[in-house]
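The figures that follow rest on heavy atoms only: side chains count, while hydrogens, waters and symmetry mates do not.
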Amino acid sequence: MTLVTPIILDCDPGHDDAMAILLAAAHPSIELLGITTVSGNGALEKVSYNAQRVCALANIVVPIAKGAADPIAGKASAAPTIHGVSALDGAQLPEPTFELSELSAVELIAKLVTECDRKVTLIPTGPLTNIAMFLQAYPQLHDRIEHISFMGGSTERGNWTPYAEFNIWADPEAADIVLRSGLPLIMSGLNITHQALATPQVLARISALNTELAHTIVKLLNFFADTYRDVFAMPDPPVHDPVALAIIIDATVAKLVSAPVAVELTGTLTRGATVVDLYGNTGQQANVEVAMELDVEKFWDMMISAIETLGSR
Ligand code: RIB
Ligand code: CA
């Protein structure tokens with residue numbers, strides 16, 4: 001019997017967040033309890049509206065709660081050069097079919113975790129502000145968390161600054177709280193998510209599904225491809241966020257190594273950098289399972305199957 005894993009997706013849609021929403025809603029081994037949104041790729045209002053529109057596009061009905069509009073320290077960021085002004089440019093998306101939750105993101109996470117009869121896995125794919133605030137507000141619920149599998153950081157260079165990846169850079173204090181939490185953490189950094197490329201072959205496989213959903217996703221990913229080509233000179237865009245969930249669905253989709261991971265908070269040039277001690281030089285205790293190698297075929301088979309499932313609903 002397949003064990004179903006209850007998850008909460010905390011995201012900042014964002015093209016790749018949208019793909020993570022689809023995978024979470026479609027995969028038979030995942031029970032998507034709810035979605036929470038955090039300012040990141042766009043302002044909170046925009047990313048929350050985008051989460052609603054992705055759910056409308058794929059006929060997904062789960063509670064969606066707005067979270068933090070700003071990081072713990074500093075001001076909100078955005079990534080219009082990558083995701084566009086709406087934070088999800090590139091295709092015509094339907095209007096929301098249901099209202100946002102009255103609860104805040106932290107309140108919804110606490111409610112869902114409390115009500116669930118199993119431990120819950122948190123899948124953050126944006127800045128970690130909501131997760132950090134939940135951990136600080138509800139220490140009594142820490143033992144109800146199975147894993148925190150997050151997209152963020154890198155064992156190598158950054159993408160938003162030379163040494164910092166966007167999600168961690170956008171709220172390093174939140175990342176520090178999560179990294180020091182002692183909870184079971186899995187990190188999908190740029191070093192692995194840059195292997196999840198939406199190549200022309202991948203886009204052709206999605207197109208061949210020949211559903212309205214598939215065609216809309218191809219338009220979104222083509223926009224994402226254009227911005228990645230313009231900004232990073234990458235021929236194909238890395239679809240970062242679903243990797244963090246794919247690892248929970250099938251642990252064989254990535255190779256994980258235990259390592260100490262810390263975040264730089266005060267570096268003038270390196271603030272937001274994840275410092276991953278892969279060779280044990282620091283003598284620190286390992287606190288994170290770091291995803292290193294992606295089984296690309298297995299990942300895209302999982303992702304495209306999710307699009308097929310939702311497109312036929
Ligand atoms: O650096 C990539 C991450 O930043 C992804 O989660 C993308 O959606 C943006 O949030
Ligand atoms: Ca994201």
Side-chain angles (χ1 to χ4, degrees), residues 5-14 16-21 23-24 30 32-42 44 47-48 50-51 62 64-72 76-77 79 87 104-106 108-110 112-113 119-138 141-142 144-154 160 164-190 192-193 239-249 261 263 272 274 287-291:
T5 303
I7 73 157
I8 297 168
L9 179 63
D10 183 69
C11 55
D12 60 336
D16 50 334
D17 303 78
M19 300 294 277
I21 291 172
L23 181 58
I30 294 295
L32 178 58
L33 300 177
I35 294 171
T36 52
T37 59
V38 60
S39 162
N41 286 323
L44 182 62
V47 299
S48 304
N50 290 341
V62 292
I64 303 176
K66 282 166 47 178
D70 291 303
I72 288 174
S77 51
S104 71
V106 169
L108 181 63
I109 294 171
L112 295 171
V113 168
K119 287 190 174 186
V120 175
T121 291
L122 306 180
I123 311 283
T125 62
L128 290 165
T129 319
N130 293 338
I131 306 302
M133 291 167 77
F134 163 73
L135 294 179
Q136 289 192 313
Y138 292 91
L141 294 180
H142 287 199
R144 302 299 302 139
I145 302 300
E146 182 73 34
H147 282 107
I148 298 177
S149 181
F150 67 96
M151 190 280 138
S154 173
W160 209 250
E165 177 278 328
F166 178 80
N167 287 339
I168 307 301
W169 171 86
D171 196 341
E173 278 70 26
D176 188 51
I177 290 165
V178 173
L179 288 169
R180 293 176 186 276
S181 67
L183 289 178
L185 306 176
I186 301 170
M187 169 180 149
S188 294
L190 299 176
I192 188 169
T193 65
V239 182
H240 307 276
D241 293 335
V243 174
L245 175 56
I247 291 170
I248 296 298
I249 291 171
V261 180
V263 58
T274 46
N287 57 329
V288 182
E289 292 298 307
V290 181

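- Between Ile123 atom CD1 and Ile35 atom CD1 the span is 12.5 Å, to the nearest 0.5 Å.
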Determine, step by step, whether Asp17 and Asn50 satisfy the side-chain contact (heavy atoms from CB on, under 4.5 Å) criterion, reporting the C-alpha distance in whole Å, the side-chain angles of both residues, the deciding distance to 0.1 Å, and the verdict.
CA-CA 10 Å; Asp17 303 78; Asn50 290 341; over 6 Å; no
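- Here the side chains of Glu165 and Trp160 are not in contact, with every heavy-atom distance at 4.5 Å or above.
- Within the 3.5 Å criterion, the main-chain N or O of Ala68 finds a donor-acceptor partner in the side chain of Asn130.
- Asp241 contributes atom CG, which lies 7.5 Å from atom CG of Asn41 (distance to the nearest 0.5 angstrom).
- With contacts defined as side-chain heavy-atom distances shorter than 4.5 Å, the pair Val38/Asp171 does not qualify.
- Between Leu23 and Pro242, the closest heavy-atom pair is CD2-O, 3.9 Å.
- Nearest heavy-atom pair across Phe166 and Gly40 is CZ-O, 3.4 Å.
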Take Ile131 and Leu122, measure what side-chain contact (heavy atoms from CB on, under 4.5 Å) needs, and give me the verdict at the end.
CA-CA 8 Å; Ile131 306 302; Leu122 306 180; 4.2 Å; yes
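- With contacts defined as side-chain heavy-atom distances shorter than 4.5 Å, the pair Thr125/Asp16 does not qualify.
- Within the 4.5 Å cutoff, the side chain of His147 has no heavy atoms near those of the Val120 side chain.
- Across every non-hydrogen atom of Thr129 and Pro71, the tightest pair is OG1-CA, 4.0 Å.
- By the side chain to side chain donor-acceptor pair (under 3.5 Å) test, Arg180 is found to be paired with Asp176, residues two or more places apart in sequence or in another chain being considered.
- The shortest distance between side-chain heavy atoms of Thr5 and Glu146 does not fall below 4.5 Å.
- In this structure, CD1 in Ile145 is found 12.0 Å from OH in Tyr138, a value given to the nearest 0.5 Å.
- Ile186 is listed as a side-chain neighbour of Ile248, based on a closest heavy-atom distance under 4.5 Å.
- Between Val47 and Ala87 the shortest heavy-atom distance is CG1-CB, 4.4 Å.
- A 4.5 Å side-chain heavy-atom check between Val178 and Leu135 finds at least one atom pair inside the cut-off.
- Of the possible polar contacts, none joining the Ser39 side chain to the Asp70 backbone as a donor-acceptor pair under 3.5 Å is found.
- The shortest side-chain heavy-atom distance between Ile21 and Pro13 falls under the 4.5 Å cut-off.
- The two residues Ser188 and Val243 have their closest heavy-atom pair at OG-CG1, 3.8 Å.
- Of the candidates Thr36, Thr37, Asp12, Thr37 is the only one forming a side-chain hydrogen bond (donor to acceptor under 3.5 Å, both in side chains) with Ser48.
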side-chain contact (heavy atoms from CB on, under 4.5 Å) assessment of Leu33 paired with Ile7:
CA-CA 6 Å; Leu33 300 177; Ile7 73 157; over 6 Å; no
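- Although no hydrogens or angles enter the test, the distance criterion places a donor-acceptor pair under 3.5 Å between the side chain of Thr274 and the main chain of Ser154.
- Separating the CE atom in Met151 from the CG atom in Leu128 is a distance of 10.5 Å, to the nearest 0.5 Å.
- Between Leu179 and Asn287, the shortest heavy-atom distance links the atoms O-ND2, 3.0 Å.
- Rounded to the nearest 0.5 angstrom, Leu112 CG and Leu141 CG are separated by 11.0 Å.
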